[in-house]
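To start, the structure under review is shown below, and the notes come after it.
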Amino acid sequence: MIRKIFRNTRKLKFVSKSLYGSQMDWNNKGIGEVSVLNMNDEFYFFETITLDNGIKLNDKKMWKIKDDGIQIEFYHFRNKKYEKIFNFILEKGIYVMKKKYECPPDNYFAKIVVIENNIYFIIKIKGIRKNEEIEYIYSE
């Protein structure tokens with residue numbers, strides 16, 4: 001089932017929030033389109049997001065689904081390659097990360113929640129200057 005949801009993803013909603021103590025002012029909302037390339041257990045997301053202020057963002061992500069959907073690995077395209085950021089395991093209907101991602105001086109935390117045909121991908125970033133929450137809601 002999870003593979004079908006990833007394969008059929010076409011739209012996204014984007015929300016970024018700077019929380020208490022943040023110095024980043026990352027308060028944005030937007031909507032986007034997703035093109036998906038599926039190769040075996042890998043799902044490549046090519047995203048175009050238009051923020052409420054009119055700025056357009058392009059992003060590339062790759063997801064690997066393993067063990068019949070029990071594990072998901074998340075990769076982000078940066079530095080001209082896909083870098084593994086998170087490894088999730090399914091526990092009680094929520095994909096929980098196995099360990100935080102460190103990019104000093106920041107730490108990244110995330111979870112994936114699947115509700116009906118929607119994927120909620122929530123990232124939290126904590127650091128000296130950052131206290132951010134970024135949410136992607138993927139849908140058909």
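Small disclaimer: the values here were computed from a predicted structure and weren't measured.
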(request) Please say which of Val34, Asp59, Ile112 ends up in a side-chain contact (heavy atoms from CB on, under 4.5 Å) with Tyr136. (result) Asp59
(request) Indicate the atoms forming the closest heavy-atom contact of Glu132 with Met24, along with that distance. (result) OE2-CG, 3.3 Å
(message) If you compare all heavy atoms of Lys100 against all heavy atoms of Met97, which two are closest, and at what distance to 0.1 Å?
(response) CA-CE, 3.6 Å
(message) Under 4.5 Å between side-chain heavy atoms, counting indirect links through other Ile/Leu/Val/Met/Phe/Trp/Tyr residues: same cluster for Phe46 and Ile55 or not?
(response) no
(message) I want to know whether Tyr138 and Phe6 have ring centres closer than 6.0 Å.
(response) no
(request) For the residue pair Phe43 and Thr9, establish whether any side-chain heavy-atom pair is separated by less than 4.5 Å. (result) no
(request) Would you indicate whether Asp68, at its atom CG, is surrounded by more than 12 heavy atoms from other residues, nucleotides or ligands within a distance under 6.0 Å? (result) no
(request) Inspect the surroundings of CD in Glu116 and state if more than 12 heavy atoms from other residues, nucleotides or ligands are less than 6.0 Å away. (result) no
(request) Write down the atom of Gly127, the atom of Asp106, and the distance for their closest heavy-atom approach. (result) CA-OD1, 3.4 Å
(message) Check this for me: Lys84, atom NZ, are more than 12 non-hydrogen atoms of other residues, nucleotides or ligands nearer than 6.0 Å?
(response) yes
(message) Can you tell me if Ile31 has over 12 outside heavy atoms packed within less than 6.0 Å of its CD1?
(response) no
(message) Any heavy-atom pair between the side chains of Glu140 and Arg10 that's under 4.5 Å?
(response) no
(request) For the residue pair Phe88 and Ile94, establish whether any side-chain heavy-atom pair is separated by less than 4.5 Å. (result) no
(request) Determine, for Asp41 against Arg3, whether the closest basic-nitrogen to carboxylate-oxygen distance falls under 4.0 angstrom. (result) yes
(request) Drop me the distance from Asn38's CG to Lys4's NZ, to the nearest 0.5 angstrom. (result) 14.0 Å
(message) Working to the nearest 0.5 angstrom, can you tell me the gap between Glu135 CD and Phe14 CZ?
(response) 10.0 Å
(message) Please determine whether residues Tyr120 and Val36 belong to a single hydrophobic cluster, defined as Ile, Leu, Val, Met, Phe, Trp and Tyr linked transitively by side-chain heavy-atom distances below 4.5 Å.
(response) no
(request) Determine whether more than 12 heavy atoms belonging to other residues, nucleotides or ligands lie under 6.0 Å from atom CG of Asn40. (result) no
(request) Report, as yes or no, whether the 6.0 Å neighbourhood of atom NZ on Lys61 holds more than 12 heavy atoms from other residues, nucleotides or ligands. (result) yes
(request) Start with the C-alpha distance between Phe109 and Ile122, add both sets of side-chain angles, then the distance that settles side-chain contact (heavy atoms from CB on, under 4.5 Å), and finish with yes or no. (result) CA-CA 8 Å; Phe109 307 87; Ile122 300 133; over 6 Å; no
(request) Determine the interplanar angle of the Phe74 and Phe121 rings, folded into 0 to 90°, and report it as parallel if under 30°, tilted if 30 to 60°, perpendicular if over 60°. (result) tilted
(message) What's the separation between atom NE2 in His76 and atom NZ in Lys60, rounded to the nearest 0.5 Å?
(response) 10.5 Å
(request) Working to the nearest 0.5 Å, report the span between CG of Leu57 and CD of Glu47. (result) 10.0 Å
(request) To the nearest 0.5 angstrom, please state how far the OH atom of Tyr95 sits from the CD1 atom of Ile2. (result) 4.5 Å
(request) For residues Lys99 and Phe86, report the shortest heavy-atom separation together with the two atoms involved. (result) O-CD2, 4.4 Å
(message) Would you say Ile119 ends up clustered with Ile115 if hydrophobic residues are merged whenever their side chains have heavy atoms under 4.5 Å apart, either directly or through other cluster members?
(response) no
(request) Using atom types as modelled and distance alone, determine if a side-chain donor or acceptor of Ser18 lies under 3.5 Å from a backbone N or O of Trp26. (result) yes
(request) Would you kindly confirm whether Ile72 and Val113 end up in one hydrophobic cluster when ILVMFWY residues are joined by side chain heavy atoms under 4.5 Å apart? (result) no
(message) Taking Gly54's backbone N and O only, do any of them form a donor-acceptor pair with Asp52's side chain (distance below 3.5 Å, no angle check)?
(response) no
(message) Membership question, hydrophobic clusters at under 4.5 Å side-chain separation (ILVMFWY): are Ile5 and Leu90 in the same one?
(response) yes
(request) For the pair Glu73 and Asn87, evaluate side-chain contact (heavy atoms from CB on, under 4.5 Å) and give the outcome as yes or no after the intermediate values. (result) CA-CA 4 Å; Glu73 294 177 351; Asn87 190 21; 3.4 Å; yes
(message) To check you understand the geometry: which heavy-atom pair defines the closest contact between Asn27 and Lys17, and what is its length?
(response) OD1-CA, 3.5 Å
(request) Using modelled atom types only, decide if a donor and an acceptor are shared between the side chain of Ser16 and the backbone of Asn28 within a distance under 3.5 Å. (result) yes
(request) Work out which heavy atom in Asn131 is nearest to a heavy atom in Tyr20; give both atom names and the distance. (result) ND2-O, 2.8 Å
(request) Kindly say whether the aromatic ring centers of Tyr82 and Tyr75 come within a distance under 6.0 Å. (result) no
(message) For a quick check under 3.5 Å, do Lys56 and Thr50 share a side-chain donor-acceptor pair by atom type?
(response) yes
(message) Does Glu83, at its CD atom, have more than 12 non-hydrogen atoms belonging to other residues, nucleotides or ligands within less than 6.0 Å?
(response) yes
